[in-house]
Amino acid sequence: MTKVLVTGATGFIASHTILALVNKGYEVRGTARSASKAEKLNATLSAYAGKPVEIELVSADLTSDEGWDAAMDGVTYLQHLASPIPNNLPRDPNDLIIPAREGALRALRAAKAAGVKRAVMTSSFASIAYGWGDSRPDVLDESHWSNPDNLKDNTAYTRSKVIAEKAAWDYIEGDGKGLELAVINPVAVLGPAMSGDVSASLELVTQPMENKVPAFPKLTFGIVDVRDVALAHVAAMEKPEAAGERFILGDKVLSFTEIGAILREAYPDRKLPKGELPNWLVRMLTVVNPTLKQIVPELGKHRSFNNEKSQRVLGIDYIPAKDAILASTNSLIDLGEL
Ligand code: NAP
């Protein structure tokens, strides 16, 4: 059986990617900061899949050299998804940037040393669409790169993603030559959660469903379903023509107000926020709700993208954004989290 190493195996996107790999007959080894999560992870994967799923889980931390070489033993493909994606931004941006960049390099170096054929790395649309200021193209594609030095149009998270992706490509063009790389650049990822321990991106539905915002900030989000993101990771690993390429993954852009309208229509019995929040009020609310700090640079911005390449090369036939939103919410309700 062909073995695939999935880093950050306990994560939202990684869990779906693991199932997509297992369903195609791959043997999966995962990494987590603590291998003691194995039992819980396998129970979660099995419950979601409706059949027994058992993967091996080993310890590897993005911030330490320990464990990476052993994790790569016997592996043909690397899926590198681990990266800090916090609910609240840290005071020091390096708390995100260093693990993201150094962790990617640790994983790629170990993959190269082990003779891995191809690495797929989960970057983000954050590596494409940020730091442009007034010069941002109307429609962004894979030829575009974010500028991490323009702090007014970035968060520590968006900077961490572009800095890590650049470091990965530099490595592949230098000491890592011979190891193939394909990069996935998803917009905000929604879709079914397998457990209550969910990625920060699901706050797009949990914040309004829990009525945590008085009204909707003037924000727009590209949305993609996690099931499409998982299939894209597998296709980027298998398709010869995906090597050396980056792929934007996204169905379409919706405003937060439109997301709210979808939720209000689907859950008429719930008390949900209504109307739009003026930008000045959002800035003030960051004092009581620090999660909102991440979105301040986003207010009033619209970052459009072209997803043609992911359809053409990876064969993605997008699940509509509305279905991704409702799948997130329904899964969290079923799990007793909402
Ligand atoms: P998630 O559920 O929070 O998963 C992140 C994973 O990273 C966790 O499993 C965590 O593993 C691991 N991790 C964090 N810090 C680590 C460290 N120092 N050492 C080792 N592992 C560490 O998030 P996700 O949404 O699935 O994100 C997966 C990837 O997709 C990330 O690279 C993220 O940047 C990218 N992405 C996400 C979105 C989105 O909207 N969700 C959009 C674009 C790109 P443990 O805590 O178990 O060790």
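Keep in mind the model is a prediction, meaning the values are calculated, not measured. In what follows, every heavy atom counts, from backbone to side chain, and hydrogens, waters and symmetry copies are set aside.
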[X] to [Y] - nearest heavy-atom pair and separation:
X: Ala71; Y: Thr31; value: CB-CG2, 4.2 Å
X: Leu57; Y: Ala32; value: CD2-CB, 4.0 Å
X: Leu41; Y: Thr10; value: CD1-CA, 4.1 Å
X: Thr7; Y: Leu81; value: OG1-N, 2.9 Å
X: Phe256; Y: Pro217; value: CD1-CD, 3.5 Å
X: Leu78; Y: Val75; value: N-CG1, 4.5 Å

Are [X] and [Y] side-chain neighbours, meaning at least one heavy-atom pair lies under 4.5 Å?
X: Trp145; Y: Lys166; result: yes
X: Val226; Y: Ser199; result: no
X: Val120; Y: Phe247; result: no
X: Phe125; Y: Leu249; result: no
X: Lys274; Y: Arg264; result: yes
X: Leu62; Y: Trp68; result: yes
X: Arg159; Y: Ile97; result: yes
X: Tyr77; Y: Thr2; result: yes

Can you tell whether the side chains of [X] and [Y] come within less than 4.0 Å, N to carboxylate O?
X: Glu238; Y: Arg118; value: no
X: Asp73; Y: Arg29; value: no
X: Arg303; Y: Asp138; value: no
X: Lys309; Y: Asp141; value: no

| task | Using a cut-off of 6.0 Å, state whether more than 12 heavy atoms not belonging to Glu66 lie near its atom CD. | result | no

| message | Does Glu265, at its CD atom, have more than 12 non-hydrogen atoms belonging to other residues, nucleotides or ligands within less than 6.0 Å? | response | no

| Lys322 side chain to Ile262 backbone, donor-acceptor under 3.5 Å |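 No.
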
| said: Test your reading of the model: is there a side-chain donor-acceptor pair from Thr220 to the backbone of Lys301, 3.5 Å cut-off? | reply: yes

For [X] and [Y], does a side-chain donor sit closer than 3.5 Å to a side-chain acceptor?
X: Lys51; Y: Asn23; value: yes
X: Ser310; Y: Tyr318; value: yes
X: His233; Y: Thr122; value: yes
X: Glu142; Y: Asn306; value: no

| request: Would you list the pairs meeting salt bridge (Lys or Arg N to Asp or Glu O under 4.0 Å) in which at least one residue belongs to residues 201-218, sequence neighbours left out? | output: Glu210-Lys212

